[in-house]
Every structure is written in structure tokens, then in C-alpha cells.
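See structure below.
All values below were derived from every heavy atom in this structure, side-chain atoms included, with hydrogens, water molecules and symmetry-related copies excluded. In what follows, residues are counted from 1 in the order of the sequence shown.
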Amino acid sequence: MNDRIVIAVDLDYFFAQCEEVRRPEIQRKPVVICVYSGRTGDSGAVSTANYVARKKGVKSGVPISVARKLLEDSKDAIFLPVDQEYYKAISERIMELLRSFSYNFEQVSIDEAFLDLSSVAHNDYNVALEIASKIKSQIMEAERLTCSVGISKNKLLAKMAADSQKPDGLTVLRPESIADTINPLPVGKLPGVGTKTEKRMEELGIHTIGDLALFNREILAAEFGRNLGPHLASLACGIDNEPVQERERQQLGRIITLKHDTSDFSFAEEIRPLIADISKRLRSSNSRCKMIGIIVITSALKTKSRAKTLDQPTDSEEVIIAVSSELFKSYFESDQEGIPARRVGIRVSELVDTGHVKSGQSLSDYF
Ligand code: TTP
Ligand code: MG
Ligand code: MG
């Protein structure tokens, strides 16, 4: 298999950082985001905390009451309830931005994604580094958020690289330094080794990732299962062939940067290839969309979107052109607040499976 270059992006203390963005005055204070479970004051758990609070030991999963104790001496500590809607809207905009960097994209959680840059970076880590810096600065410009990025030859190692320096990290793990870098790490640092597994491994004398890589496979299979045991050992050797690919796409979209900022719908020609591509991808995955949307990123880097639900699901290029043109025209007539558009995109969503009968074809075409 040819060497790949994979980038992992994970936003730093995501929910807490989102709160800091809308309330800059809390930035240097300990910030704790809480999932309150009941009516009584402090029952529930910490969702996440900013790095000021983490210095005092507060982290995801600890009871809120414990977090209050840990921050007893910090009179300025801020406790806030989770606001999923707000974080999700920010996450969607960032994922859309990341998608525009590469065809091979996979979102793995609300604040985390992989990009396979092999075809763009041609095995050149310096190109990947440039793209990674661009990703970081665009997320900062657009949303005022920091993230940590890892670059390596597969998802496992890219993720480990991203986790190794937080917050605001940019870490490259080149093929020649993989073993030297990961072998000395505690085995619990290997994604897939949870607290329970780690404890059992310690009992078997496996302390580091390097120990696991060299450990007897038969014993591992007996201890952790015929599949999981050897799987963990190959992860410890830095092997991971999982492709970067979007899981069960709920939507398809593309964004481009316009040749010139504009305040009217003068870019119909520029977006034609995007629409052709989306329509082609719908057809090749036997899907049609029930919703067509547009995205506009203004020169002030605000993201706006509009969408229309169709009466009939479609995969037709003409329909997507007609609906998106209408949405763009109405956006520029009413909504633009005088700020020109810099990047524009099309997103189709609410995908339905069409089986094997394609648009424009009747069953008689098959016989
Ligand atoms: P993470 O990326 O695991 O953590 P984080 O972004 O808060 O911090 P880091 O800088 O270490 O990446 O999770 C993303 C979000 O998911 C997090 O901000 C809140 C939520 N979350 C929970 O609600 N509960 C949890 O136990 C974890 C781990 C995360
Ligand atoms: Mg994170
Ligand atoms: Mg994460």
C-alpha cells in the first residue's frame, strides 16, 4: 500500500472554548461546562473544562460537585450548562470548511475530523504542514477557535500526534520517527486501550506501547480475544489501514473561493462544476436529496446558509442549478447586510436511497 498522509484535527476544549468566544470576559477564568442531570443544584457531570480549570484537576466526566471542590479557591470560576445547539452550529461550519480542503474527509465527532491529503500532498510532509497551518488559521479567522492538528501516515498516528500537543498544537509524526516516538509512551496512550485494558496489560508487564508491540501474540489473543488482542498489537506497531471516509453521509457539499468578492449572483458559471460534481456523487451513490442549500461565507468570514425542501427528491444537475440560483438571488436581494461574499457553496441533504433505478431512467431502460 502506498504511503498516505493523513491529518487529524481536534478542536481544543471545544464546548468551553465556544463559550469563551461569545463571552470573552470569561477567557482567563476557570470555565466548566456542565451536564446537569436533575433538579437538585449540582447533580451531574462535567462535559468539559477550559485549560485554566484543568490545571486544578477538573476534566470531562468528573461530578460537578467534585469540580466545585477542586475550584473552591477560585472565586472567579464559571460553571455553565451545555448549549448543544450553539456548539453544533459552530461545528457544522468548521466541518464544512474542512471538507473544502480535500475529497477524503471523515468527521468522527462534534469536534474532530480526518482528512486524507495523499492526492494533494504527494507524500510531501511540507505540503501537508502548509495545509495544516492554513486549516488552523482559517478556523481561527472564521470562528476565533484554536485546534490541535496531527499529521502522519494513518488515522491512528495522526490522532496520536494531534493529542500529543494541546492546545493549539501542530505535530508531524514522520514515518522514520514513528517507532522512536510511540514506543516509550504509556500503553494507555494508545487509542483503543481503555482504563480496564490498561490495568490488565500492566499486570502482564506491558507498560509501554513498545512493550505491547513486542508482546507474545498468542497470550494477547488469549487475554483480550482472538480479534482484539492481535489488533491492539498491530496498533502498537503503528499499523492502521482504515481509510478516511465519510460514514453514512447525511449530506453532500462543496465550497469554493470566488475569483472576486461579490455582492450579487454573478458566479453562476463558477459554481457549475460544483453542482455537476454533487449531482454525479448523488447518482454514483444511488441517492437523491430532499433538501438543497447554499452557503455564503462573507468577506467578514461570517457563514450564512439558506435551504429549500423539495417536493420530490432529486439528483438532477438542472434542479440543483435552478434551486440554488433562486436561493442565491434571494440571499443577495435581502440578506447580505452589505457585506460581499468571498466563498460560496452548495449543500444537499436529507438523502434518500433510490436503489438501482436512476433518475431519468425508467425500468424499461434496463431491459
Ligand atoms: P474532546 O475533544 O474529547 O475534548 P475537548 O475538546 O473538550 O478537549 P481537548 O482540548 O482535550 O480536545 O471532546 C469534545 C467535546 O465533547 C467536549 O468539548 C465536550 C464533549 N464531551 C463530553 O460532553 N463528555 C466527555 O466525556 C467528553 C470526553 C467530551
Ligand atoms: Mg477536542
Ligand atoms: Mg475530540
Side-chain angles (χ1 to χ4, degrees), residues 5-21 24 26-33 45-62 67 70-71 77-78 80 82 87 90-91 94-95 97-98 101 106-115 117 125 128-129 131-174 177-178 180-182 184-195 198 208-209 235 238 240:
I5 298 189
V6 174
I7 287 192
V9 180
D10 188 289
L11 293 150
D12 300 322
Y13 63 101
F14 183 49
F15 294 1
Q17 205 184 173
C18 290
E19 295 295 349
E20 289 181 0
V21 167
I26 66 175
Q27 249 174 36
R28 280 178 201 82
K29 303 174 179 174
V31 177
V32 185
I33 310 300
V46 170
S47 163
T48 193
N50 70 356
Y51 281 71
V52 185
R54 288 186 199 191
K55 280 211 183 95
K56 306 264 180 180
V58 180
K59 56 181 182 185
S60 296
V62 308
L70 290 165
L71 292 170
I78 308 281
L80 296 168
V82 285
Y87 315 137
I90 295 176
S91 163
I94 292 175
M95 295 301 158
L97 192 158
L98 290 175
F101 277 88
E106 176 180 344
Q107 179 174 355
V108 280
S109 76
I110 191 164
D111 82 331
E112 216 170 311
F114 292 109
L115 298 166
L117 296 182
Y125 276 77
L129 254 171
I131 296 175
S133 314
K134 223 182 253 174
I135 287 175
K136 284 171 68 82
S137 60
Q138 288 196 8
I139 294 176
M140 173 50 73
E141 263 183 70
E143 304 291 341
R144 314 306 305 163
L145 290 174
T146 64
C147 63
S148 295
V149 178
I151 308 174
S152 194
K153 65 175 197 178
N154 59 39
K155 293 202 283 188
L156 166 84
L157 295 166
K159 172 73 180 144
M160 289 178 74
D163 285 347
S164 70
Q165 281 189 71
K166 264 185 163 287
D168 206 13
L170 173 49
T171 311
V172 190
L173 187 46
R174 290 174 197 264
S177 33
I178 292 166
D180 287 348
T181 311
I182 70 171
L185 298 174
V187 72
K189 290 269 181 197
L190 192 68
V193 176
T195 340
E198 185 182 8
T208 64
I209 292 178
L235 292 181
D240 172 24

Can you give me the closest heavy-atom contact between I90 and C18, atom names plus distance? CD1-SG, 3.7 Å

CG of L98 to CD of Q138: how many Å apart, nearest 0.5 Å? 9.5 Å

Is the shortest heavy-atom distance from the side chain of I135 to the side chain of L115 under 4.5 Å? yes

For K189, what residues pass the side-chain hydrogen bond (donor to acceptor under 3.5 Å, both in side chains) criterion, not counting sequence neighbours? none

Measure across S91 and Q107 and return the closest heavy-atom pair with its distance rounded to 0.1 Å. OG-NE2, 3.9 Å

When you compare the side chains of D111 and S109, does any donor N or O come within less than 3.5 Å of an acceptor on the partner? yes

Nearest heavy-atom neighbours spanning M160 and I209: CE-CD1, 3.6 Å

Excluding sequence neighbours, so at least two apart, what forms ring-ring contact (aromatic ring centres under 6.0 Å, His included) with Y87? F15

Taking the side chain as every heavy atom from C-beta outward, state whether L190 and E198 have any pair of such atoms under 4.5 Å apart. no

Start with the C-alpha distance between L145 and C147, add both sets of side-chain angles, then the distance that settles side chain to side chain contact (heavy atoms under 4.5 Å, CB included), and finish with yes or no. CA-CA 7 Å; L145 290 174; C147 63; over 6 Å; no

Separation between CD of E19 and CD1 of I26, rounded to the nearest 0.5 Å: 6.0 Å

Of all heavy-atom pairs linking A16 and N50, the shortest is CB-N, 3.7 Å

Measure the shortest side-chain to side-chain distance between Q17 and T146 over non-hydrogen atoms and say whether it is less than 4.5 angstrom. yes

Would a distance-only check, ignoring hydrogens and angles, find a side-chain to backbone donor-acceptor pair under 3.5 Å from S60 to S47? yes

Could I get the full list of side-chain hydrogen bond (donor to acceptor under 3.5 Å, both in side chains) partners for E106, not counting sequence neighbours? K155, R247

For L173 and S152, which heavy atoms make the closest approach, and how far apart are they? O-OG, 2.8 Å

L97 side, atom CG; E143 side, atom CD - distance, nearest 0.5 Å: 8.0 Å

Do R174 and T181 get their side chains close enough for a donor-acceptor pair, meaning under 3.5 Å? no

Heavy-atom closest pair, residues T171 and Q165: OG1-NE2, 3.1 Å

Gap separating the OG atom of S164 from the CG atom of L185, nearest 0.5 angstrom: 8.5 Å

Would you compute the distance between atom CZ of R144 and atom CD of E20 and round it to the nearest 0.5 angstrom? 13.0 Å

Looking only at side-chain N and O atoms, does D12 offer a donor or acceptor that is under 3.5 Å from a partner on S148? yes

Do I94 and V9 touch side chain to side chain, with heavy atoms closer than 4.5 Å? no

Answer yes or no: is there a side-chain heavy-atom contact under 4.5 Å between F114 and V108? yes

With a 4.5 Å cut-off on side-chain heavy atoms, are K153 and I178 touching? yes

Measuring from atom CE of M95 to atom CD1 of I110, what distance do you get when rounded to the nearest 0.5 angstrom? 8.0 Å

Hey, are the side chains of I151 and L170 touching, using non-hydrogen atoms and a 4.5 Å cut-off? yes

For Y51 and K166: C-alpha separation, side-chain torsions, deciding distance, then whether side chain to side chain contact (heavy atoms under 4.5 Å, CB included) applies. CA-CA 10 Å; Y51 281 71; K166 264 185 163 287; 3.5 Å; yes

Check against side chain to side chain contact (heavy atoms under 4.5 Å, CB included), D240 and L157: CA-CA 8 Å; D240 172 24; L157 295 166; over 6 Å; no

Do V62 and K59 come within less than 4.5 Å of each other through their side chains, counting heavy atoms only? yes

